[in-house]
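First up is the structure itself, then whatever we jot down about it.
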Amino acid sequence: MTAGVPSPGRFREIDGCFNFRDLGGYRAGDGWTVPWRRLYRADGLHRFSAGGRAAFGALGIVSVLDLRTGDEAGQCPWTPPDGWPGRRSHLPLLAGVPDWSGGDPGELNRDDFAAGHYLHIAEEGAAELGRAVRLLAEPGALPAVFHCSAGKDRTGVLAALVLRLLGVPAGAVADDYALSERATARWEASVAGGVPDDTLSTWATVPPSLLRSDRETMLAFLRGIDERYGSVAGWAAARLGIGAADAERLRRAL
């Protein structure tokens, strides 16, 4: 972070979104800090109001990475602001939105269900996660935002990958993940106030641990990656096609 530049705050007020956050400010490798206003994570951009679209345009974002399924993106498309010069990349981390309605209640109600689901996303979405890292590391790709629907699960997996490749400690990655708890509370307040939402119908069958953003969930996911691959860098190299040179390009970009 440049000396004398004030922190803009973690949450950005983009009307229509509840979980639009700046990933800057975290201490990373070799004592440096992830810069503010360069990389954002978010929930569904299709919810922008007119004011939200204007606020988004003011951020100067040039890359949008949409992690939603093809059906989600087709049913709730995002329309960029008029004249937006950037690029949207569709990188679905799952083939379809999971249907939890017929699952085993004993399994779905486990406290560690969410961490296991994130490991599944890490495997099924491996190719697109690798592509996401390479896109973010391209010259001129920043500022960028990546998002899914709630901005918590698929977005959380990519955020963990990027931050750990940058050298951000696992504890700080878990702290960042846990901030989605505040976003969920904002979403619930909006729904309670009568504002319609396109994701409301799917939440009735979502497993309990996926309704929360427990810090331990992210730590358990990262431990699972370490157990399988030795480290996040090992996972990136073995499954995502992200080697040391790609990781270095990402660090230089940020």
Side-chain angles (χ1 to χ4, degrees), residues 16-21 23 39-48 56 61-80 84 86-101 103 113-138 141-142 144-165 177 180 183 187 197-203 205-207 210-211 213 217-218 221 224-225 228-229 232 235-236 238-242 246 250:
C17 282
F18 303 97
N19 205 6
F20 201 110
R21 310 205 309 259
L23 283 173
L39 186 61
Y40 302 90
R41 55 176 294 173
D43 47 333
L45 305 188
H46 65 280
R47 299 191 186 97
F48 284 164
F56 171 84
I61 288 171
V62 296
S63 299
V64 169
L65 279 57
D66 186 345
L67 310 180
R68 298 177 299 164
T69 67
D71 284 346
E72 288 174 296
Q75 293 167 7
C76 300
W78 172 64
T79 303
W84 183 61
R87 176 177 66 172
R88 171 188 173 270
S89 298
H90 184 217
L91 309 172
L93 299 191
L94 293 171
V97 176
D99 180 4
W100 314 111
S101 59
F113 181 87
H117 179 56
Y118 295 168
L119 287 168
H120 170 72
I121 292 172
E123 296 295 343
E124 182 173 331
E128 301 294 15
L129 286 166
R131 186 180 168 206
V133 171
R134 287 189 290 273
L135 285 171
L136 292 173
E138 286 182 0
L142 303 176
V145 60
F146 54 88
H147 76 96
C148 55
S149 182
K152 181 176 80 72
D153 304 316
R154 289 162 288 184
T155 296
V157 170
L158 179 54
L161 168 62
V162 169
L163 292 177
R164 290 296 287 138
L165 287 176
Y177 168 80
S180 284
W187 174 81
D197 190 274
D198 55 271
T199 63
L200 186 61
S201 61
T202 65
W203 278 66
T205 60
V206 171
L210 281 171
L211 294 172
S213 303
T217 292
M218 179 52 63
F221 164 65
I225 291 293
R228 293 185 184 189
Y229 300 103
V232 168
W235 166 43
R239 292 286 289 124
L240 313 184
I242 300 298
D246 292 309
L250 179 70

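Values reported hereafter were calculated over all heavy atoms of this structure, with side chains retained and with hydrogens, waters and symmetry mates removed.
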Legend entry - Student check: side-chain heavy atoms of Val145 and Leu45 closer than 4.5 Å: yes
Inset, instruction - Report the residues that fulfil side-chain hydrogen bond (donor to acceptor under 3.5 Å, both in side chains) with Thr79, sequence neighbours left out, ordered by chain and then residue number. - result: none
Legend entry - Nearest heavy-atom neighbours spanning Ile61 and Ala144: CG2-CA, 4.1 Å
Inset, instruction - Could you tell me which non-hydrogen atom of Thr155 sits nearest to which non-hydrogen atom of Ala42, and how far apart they are? - result: OG1-O, 3.6 Å
Legend entry - Non-neighbouring partners of Leu119 that pass side chain to side chain contact (heavy atoms under 4.5 Å, CB included), sequence neighbours left out: Phe221, Ile225, Arg228
Inset, instruction - For Gly156 and Met218, work out which heavy atoms get closest and say how close. - result: O-CE, 3.7 Å
Inset, instruction - Could you tell me whether the side chain of His147 reaches within less than 4.5 Å of the side chain of Leu67, counting heavy atoms only? - result: no
Inset, instruction - Give the intermediate values and the outcome of side chain to side chain contact (heavy atoms under 4.5 Å, CB included) for residues Leu161 and Val157. - result: CA-CA 6 Å; Leu161 168 62; Val157 170; 5.7 Å; no
Inset, instruction - Go through the structure and list residues passing ring pair (Phe, Tyr, Trp, His ring centres under 6.0 Å) with Tyr40, not counting sequence neighbours. - result: Phe20
Inset, instruction - Could you list the residues that satisfy side chain to side chain contact (heavy atoms under 4.5 Å, CB included) with Ala141, not counting sequence neighbours? - result: Ser63, Glu138
Inset, instruction - Quick one: list whatever passes salt bridge (Lys or Arg N to Asp or Glu O under 4.0 Å) with Arg164, sequence neighbours left out. - result: none
Inset, instruction - Tell me, please, which residues at least two apart from Asp43 pass salt bridge (Lys or Arg N to Asp or Glu O under 4.0 Å). - result: Arg47
Legend entry - Residues that Asp246 engages under salt bridge (Lys or Arg N to Asp or Glu O under 4.0 Å), provided they are two or more places apart: Arg249
Legend entry - Pairwise side-chain contact, Leu39 with Phe146, heavy-atom cut-off 4.5 Å (strictly under): yes
Legend entry - Which residues share a side-chain hydrogen bond (donor to acceptor under 3.5 Å, both in side chains) with His120, sequence neighbours left out: Glu124
Inset, instruction - Find out whether Leu240 and Val133 are in side-chain contact, i.e. whether some heavy atom of one side chain is under 4.5 Å from a heavy atom of the other. - result: no
Inset, instruction - Look up atom CG in Leu250 and atom CG in Leu135, then write down how far apart they are to the nearest 0.5 Å. - result: 11.5 Å
Inset, instruction - Report the residues that fulfil side chain to side chain contact (heavy atoms under 4.5 Å, CB included) with Pro92, sequence neighbours left out, ordered by chain and then residue number. - result: His90, Glu128
Inset, instruction - Could you tell me which residues satisfy side chain to side chain contact (heavy atoms under 4.5 Å, CB included) with Thr69, sequence neighbours excluded, listed by chain and number? - result: Asp71, Glu72, Leu94, Val97, Arg154
Legend entry - Any side-chain heavy-atom pair of Val162 and Leu136 under 4.5 Å: yes
Inset, instruction - For Pro77 and His46, work out which heavy atoms get closest and say how close. - result: O-CB, 3.4 Å
Inset, instruction - Would you please name every residue forming a side-chain hydrogen bond (donor to acceptor under 3.5 Å, both in side chains) with Arg134, sequence neighbours left out? - result: none
Inset, instruction - Could you check if a side-chain atom of Pro207 sits within less than 4.5 angstrom of a side-chain atom of His117, using non-hydrogen atoms only? - result: no
Inset, instruction - Would you check if the side chain of Asp153 reaches a backbone N or O of Leu210 as a donor-acceptor pair within less than 3.5 Å? - result: no
Inset, instruction - Specify whether Phe113 and Trp100 have parallel, tilted or perpendicular ring planes, treating 30° as the upper limit for parallel and 60° as the lower limit for perpendicular. - result: perpendicular
Legend entry - N/O donor-acceptor pair under 3.5 Å between Arg88 side chain and Leu65 backbone: no
Legend entry - Shortest non-hydrogen contact between Gly151 and Asn19, atoms and distance: O-ND2, 3.0 Å
Legend entry - side-chain hydrogen bond (donor to acceptor under 3.5 Å, both in side chains) partners of Arg41, counting only residues at least two apart: Asp176
Inset, instruction - Could you go through the side chain to side chain contact (heavy atoms under 4.5 Å, CB included) check for Phe56 and Val64 one step at a time? - result: CA-CA 11 Å; Phe56 171 84; Val64 169; 3.9 Å; yes
Inset, instruction - Using the side-chain contact (heavy atoms from CB on, under 4.5 Å) rule, pick out the option among Ile242, Leu129, Leu165 that qualifies with Trp235. - result: Leu129
Inset, instruction - To the nearest 0.5 Å, tell me how far Arg68 CZ sits from Ser149 OG. - result: 7.0 Å
